[in-house]
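Predicted, not measured: the structure shown is a model, and the values here were computed from it. Reminder, nothing fancy here: chain letters follow the sequence lines and each chain counts from 1.
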Amino acid sequence: MREFRYALKQTLPVFCGYMVLGIAFGLSMHEAGYNWLWSMLSSTVVFAGSLQFTLIGMLGGNLLDVAITSLSVNCRMLFYGISLIERFRPLKKSKLYAMFALSDETYSLLCGAQTPEGLSDKKVVLWMSLLDQSYWILGSAIGGLMGQALPFDMTGVDFAMTALFTVIFVERWQASKSRLPAFIGLGYALLSLLVFGPANFLLPALIAIVFTLFLLRDVIENKEEKAV
Amino acid sequence: MSPTLHALLILLVAGGVTFLIRALPFLLFGNGERVSPQLHFIGRTLPLSVIAVLIVYCLKDAILSSFSALWPQLIGILITALLHLWKHNNLISIAGGTIIYMILIRLL
């Protein structure tokens with residue numbers, strides 16, 4: 001249970017972010033005529049926030065459109081597993097769930113802090129994945145149930161998500177021996193946003209980043225060796 | 001097909017495609033053999049790039065609209081980063097940055 005408590009503490013920021021976004025999702029589903037059970041169902045079988053928002057308008061649409069949309073909205077996740085292959089290996093059969101539940105936020109948490117000595121890393125990974133998805137499902141249900149009446153003005157709470165990414169960025173920045181990948185990521189993200197617009201910029205940016213990292217491998221590894 | 005069944009099918013397709021995307025690296029490279037040095041390099045350096053991209057993703061609408069929408073977020077990010085460099089406590093950094101941001105957008 002020490003793993004559970006550790007995972008609970010680590011996932012608290014995601015709880016805040018997911019409750020807000022989940023409620024927003026539940027509210028939007030409700031407005032589109034799908035009740036809280038539908039929101040929960042979507043969050044259970046899809047568990048990918050930006051895609052779920054996109055799907056609200058497509059639930060009566062055709063299957064091929066949905067498949068193509070899912071592919072393009074979530075393509076960035078193709079790259080997430082690469083850094084987790086070794087870490088997920090001890091999970092054996094439960095790896096299926098950890099792969100299924102690898103959202104942006106769970107991925108960033110897994111990239112963040114190292115599991116402390118004495119705790120089972122595979123239990124931490126599983127608890128974090130399970131807790132994150134539970135928060136998301138809970139948020140969606142609450143949003144669907146409460147309709148539009150919020151008790152007080154919470155505008156801006158969703159900034160917690162940006163702050164979470166910032167914290168992980170600072171941790172990665174301090175742990176990395178070469179900071180070049182940060183600038184490569186930032187540069188291509190901004191360039192791609194200006195060229196392709198907000199709906200389609202993630203995939204081109206990620207492809208360009210992977211190519212550039214490979215091209216600059218010698219430069220980056222030289223820097224890493226000097227930093228030792 | 002009834003609309004209910006159709007919507008259910010839509011969710012299953014979206015969930016299935018998303019699962020395949022997330023599982024693909026494990027299917028391609030996870031079969032017992034060691035991960036190649038190239039892949040290891042990407043796995044080591046990519047997260048810092050991707051987190052930078054995700055921060056831009058959070059700011060995308062503000063970046064494209066106006067500076068008045070962007071600056072409270074930039075200050076929020078700066079406060080979050082400084083708090084984190086100072087205290088190294090996730091909750092303090094995130095709560096601090098978020099509260100400052102919420103105050104800033106109300107003062108505008």
Side-chain angles (χ1 to χ4, degrees), chain A residues 12-13 41-42 45-46 48 51 55 58-60 63 66-67 70-71 74-75 77-83 85-86 88 99-100 102 104 108 111 155-157 159-170 172-173 176 181-182 184-186 189-190 193 198 202 205-206 209-210 213 217 220, chain B residues 3 6-19 21-26 29-30 35 38-39 41-61 63-64 72-73 76-77 80-81 84-85 90-91 93-98 101-102 104-106:
Chain A
L12 207 53
L41 188 69
S42 174
V45 302
V46 184
L51 176 62
L55 284 178
M58 305 181 80
L59 287 170
L63 293 176
V66 168
S70 309
L71 201 61
N74 285 336
C75 236
M77 296 172 176
L78 271 174
F79 301 98
Y80 292 0
I82 295 174
S83 31
I85 288 168
E86 296 291 338
F88 277 15
M99 294 187 307
F100 168 78
L102 197 54
D104 292 321
S108 11
C111 288
T155 314
V157 181
F159 185 81
M161 223 68 221
T162 314
L164 170 66
F165 290 142
T166 305
V167 161
I168 291 159
F169 182 83
V170 170
R172 278 260 142 191
W173 174 271
S176 299
I184 293 170
L186 193 64
L190 290 171
L193 178 61
L202 282 175
L206 285 167
I209 287 165
V210 170
L213 285 175
R217 189 177 164 198
I220 293 171
Chain B
H6 186 80
L8 201 65
L9 209 57
I10 297 268
L11 289 181
L12 288 175
V13 168
V17 171
T18 304
F19 177 58
I21 292 170
R22 287 172 177 166
L24 200 65
F26 299 93
F29 309 109
V35 174
Q38 285 95 330
L39 210 59
F41 168 75
I42 285 295
R44 189 171 73 236
T45 51
L46 190 63
L48 186 59
S49 302
V50 172
I51 301 294
V53 174
L54 288 176
I55 292 175
V56 174
Y57 181 81
C58 292
L59 303 178
K60 63 184 192 313
D61 297 318
I63 291 174
L64 295 175
Q73 309 212 36
I77 287 175
T80 307
H84 202 67
L85 288 170
N90 285 13
L91 281 181
S93 320
I94 290 165
T98 306
Y101 172 76
M102 289 174 76
L104 285 176
I105 55 172
R106 279 164 178 75

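- Among A:Leu78, A:Val45, A:Leu41, the residue with the largest count of heavy-atom pairs under 4.5 Å with chain B is A:Leu78.
- Ranked by heavy-atom pairs under 4.5 Å with chain B, the list A:Ile184, A:Leu206, A:Val170, A:Asp104 is led by A:Val170.
- Interface remark: A:Leu71 contributes backbone and side-chain atoms alike to the contact with chain B (heavy atom separation under 4.5 Å).
- To the nearest 0.5 Å, atom CD1 of residue B:Ile42 and atom CZ of residue A:Arg217 are 8.5 Å apart.
- The closest side-chain heavy-atom distance from B:Val50 to A:Tyr80 is below 4.5 Å.
- The shortest non-hydrogen separation linking A:Leu186 to B:Ala52 is N-CB, 3.8 Å.
- Summarising the geometry, atom NZ belonging to B:Lys60 is positioned 8.0 Å from atom CG belonging to A:Leu202; distances are rounded to the nearest 0.5 Å.
- Within the 4.5 Å cutoff, side-chain heavy atoms of A:Leu59 are placed close to those of B:Leu11.
- Looking at B:Pro47, both its backbone and its side chain come within 4.5 Å of chain A, counting heavy atoms on both sides.
- With values rounded to the nearest 0.5 angstrom, A:Leu102 atom CG is found 11.5 Å from B:Thr18 atom OG1.
- The part of A:Ser176 that comes within reach of chain B is its side chain, from C-beta onward, which places non-hydrogen atoms under 4.5 angstrom from that chain.
- Taking all atoms of both residues into account, the shortest heavy-atom contact from A:Pro181 to B:Ser49 is O-OG, 2.8 Å.
- Contact tally against chain A (heavy-atom pairs below 4.5 Å) for B:Gly96, B:Ser93, B:Ala81: the top residue is B:Ala81.
- Looking at heavy atoms from C-beta onward, B:Thr80 lies out of side-chain contact with A:Thr162 at the 4.5 angstrom threshold.
- Side-chain contact between B:Leu46 and A:Ser83 is absent, with no heavy-atom pair separated by less than 4.5 Å.
- Using cut-offs of 30° and 60° for the angle between ring planes, the A:Phe88 and B:Phe26 rings count as parallel.
- Going from atom CZ of B:Arg44 over to atom CG of A:Leu213 covers 10.5 Å, rounded to the nearest 0.5 Å.
- If you measure heavy-atom distances from A:Leu63 to chain B, the contacts under 4.5 Å come from both the backbone and the side chain.
- Heavy atoms only, all atoms of each residue included: A:Met99 and B:Arg22 are closest at O-CB, 3.3 Å.
- The parts of A:Val167 that come within reach of chain B are both its backbone and its side chain, each placing non-hydrogen atoms under 4.5 angstrom from that chain.
- Among B:Leu59, B:Ile21, B:Ile51, the residue with the largest count of heavy-atom pairs under 4.5 Å with chain A is B:Ile21.
- Each of B:Leu9, B:Ile94, B:Val17 has some count of heavy-atom pairs under 4.5 Å with chain A, and the biggest count is that of B:Ile94.
- In this structure, OG on A:Ser42 lies 11.5 Å from CD1 on B:Ile10, to the nearest 0.5 angstrom.
- The side-chain heavy atoms of B:Phe41 and A:Ile220, taken from C-beta on, include a pair separated by under 4.5 Å.
- By the 4.5 Å heavy-atom criterion applied to side chains, A:Pro198 and B:Asp61 are counted as neighbours.
- Neither the backbone nor the side chain of B:Leu104 comes within contact range of chain A; no heavy atom of the residue lies under 4.5 Å from a heavy atom of that chain.
- Contact record, A:Ile85 with B:Pro25: CD1-O, 3.8 Å, taken as the closest heavy-atom pair.
- Annotation for A:Phe159 and B:Gly97: closest pair CE2-O, 3.8 Å, computed over non-hydrogen atoms.
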